[in-house]
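These notes concern the structure reproduced below.
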Amino acid sequence: MAEKSFILPEMTWPEAKEALAQAKAALIPVGSFEQHGPNGTFEVDTGRAQGFGRLLAARMNPQVVLAPAVNLGVTYHHLNFPGTITLRHDTFISVVYDVVWSLRQHGIRKFLILNGHGGNIPSLGVLIVKLRQELGVKAAWTSFTSLGKEVIESRVTSKPRGHACEGEMSQALYLAPHTVRPDALALGEHIGYPYRHLGRGFSLAYPYAFDEITANGALGDATLANEELGKSIIETALKVAIEFLEDFIADKE
C-alpha cells in the first residue's frame with residue numbers, strides 16, 4: 001500500500017489542486033458502522049473499502065483520486081447489537097451525493113463508489129441514477145468483494161458466509177488488520193434464516209434482524225480466516241476493477 005497515489009485526506013489544498021487537474025475519476029469508499037461479532041470492530045466494512053480504494057488508487061495513479069471514506073451506512077438489521085449506528089437511506093444517499101457534488105466543483109466528472117457493506121446496496125442503485133440525471137456525471141458502484149467471487153467460491157469452505165465470516169475477515173486481515181481481533185475469532189452461532197426461499201428469486205432488503213439468524217453476530221467460521229486468502233480475493237477483485245476503470249475512463253460519452 002506504499003505505492004504513490006492521490007489520497008485526498010492526506011493532501012494539502014495545493015497538492016489536491018495538482019492531483020485533481022490530472023485525475024480523470026474519483027473513487028469513493030463507502031462502508032458502515034456495524035457489529036462484526038467478536039471477530040472485528042465496527043470499522044471492518046469501512047476499513048476494507050478504504051483499503052481497497054488505496055490499492056486501486058495506487059495502481060491507477062495518476063488517473064484517479066481517492067476521496068475520504070463515508071464511514072456510516074445503512075445497517076438497521078444490526079441495531080440489536082450494541083454500538084451499531086445506522087443512517088437512513090435518504091441520509092446515506094444525500095451524504096454520498098454531496099461528496100460527488102463537491103468533487104464535481106473541482107472538475108471531476110466520473111465516479112466509482114467502492115462499497116464494503118451489503119446494506120448500502122438498495123440506496124446505491126437509487127443514488128447513481130440521481131447523480132446521472134441531476135448532476136450530469138457518470139457514476140458506477142461495485143461491492144468489490146463480488147469481483148473476487150471465483151476465489152471465494154473455490155476457497156472459502158465454511159458456510160453460511162457473508163458477514164464476519166472466513167472470507168470477510170480474511171479480507172480485513174489483508175486490507176485493514178487493525179479492525180480484526182485475531183485472538184477472539186469465533187465460529188458463527190448460526191440460528192437459521194426465517195425465509196426458506198431467500199436468495200432464490202426473492203430480493204428483500206434485509207427483512208430480518210441479524211440477531212434472528214446468528215446469536216453472536218457472525219456467520220461461517222472466522223477461525224479459518226487468513227491474510228493469504230484475503231490477498232487472493234482482493235488481488236483478483238483489483239484486476240477486474242482496473243479493467244473496468246480503464247474502460248470507464250476511456251469512454252468519451
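Residues passing the salt bridge (Lys or Arg N to Asp or Glu O under 4.0 Å) test with Glu18: none are found, sequence neighbours excluded. In this view, Phe42 and Phe33 satisfy the ring pair (Phe, Tyr, Trp, His ring centres under 6.0 Å) rule, not counting sequence neighbours. Qualifying salt bridge (Lys or Arg N to Asp or Glu O under 4.0 Å) partners for Glu189, counting only residues two or more places apart in sequence or in other chains: none. Residues forming a salt bridge (Lys or Arg N to Asp or Glu O under 4.0 Å) with Glu168 (at least two apart in sequence, or on another chain): Arg48. Here Ser170 pairs with Ala225, Leu229 under the side-chain contact (heavy atoms from CB on, under 4.5 Å) rule; sequence neighbours left out. For the side-chain contact (heavy atoms from CB on, under 4.5 Å) test, residues two or more places apart in sequence or in another chain that qualify with Ile242 are Leu56, Arg59, Met60, Glu246. With sequence neighbours left out, His78 forms a ring pair (Phe, Tyr, Trp, His ring centres under 6.0 Å) with His163, Phe210. For the ring pair (Phe, Tyr, Trp, His ring centres under 6.0 Å) test, no residue two or more places apart in sequence or in another chain qualifies with Phe6.
A donor-acceptor contact shorter than 3.5 Å links the side chain of Asn216 to the backbone of Leu187.
Sequence neighbours left out, not one pair with a member in residues 220-243 passes ring pair (Phe, Tyr, Trp, His ring centres under 6.0 Å). Among residues at least two apart or in separate chains, there is no ring pair (Phe, Tyr, Trp, His ring centres under 6.0 Å) pair with a member in residues 212-241. Applying the side chain to side chain donor-acceptor pair (under 3.5 Å) test to pairs two or more places apart or on separate chains, those with a residue in residues 220-230 are Arg155-Glu228, Asp221-Thr223.
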Could you list the donor-acceptor pairs under 3.5 angstrom formed by side chains in residues 92-100, with sequence neighbours left out?
residue	atom	partner	partner atom	Å
Ser94	OG	Asp90	O	2.9
Tyr97	OH	Glu134	OE1	2.9

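More than 12 heavy atoms of other residues, nucleotides or ligands shown are found within 6.0 angstrom of CD on Gln22.
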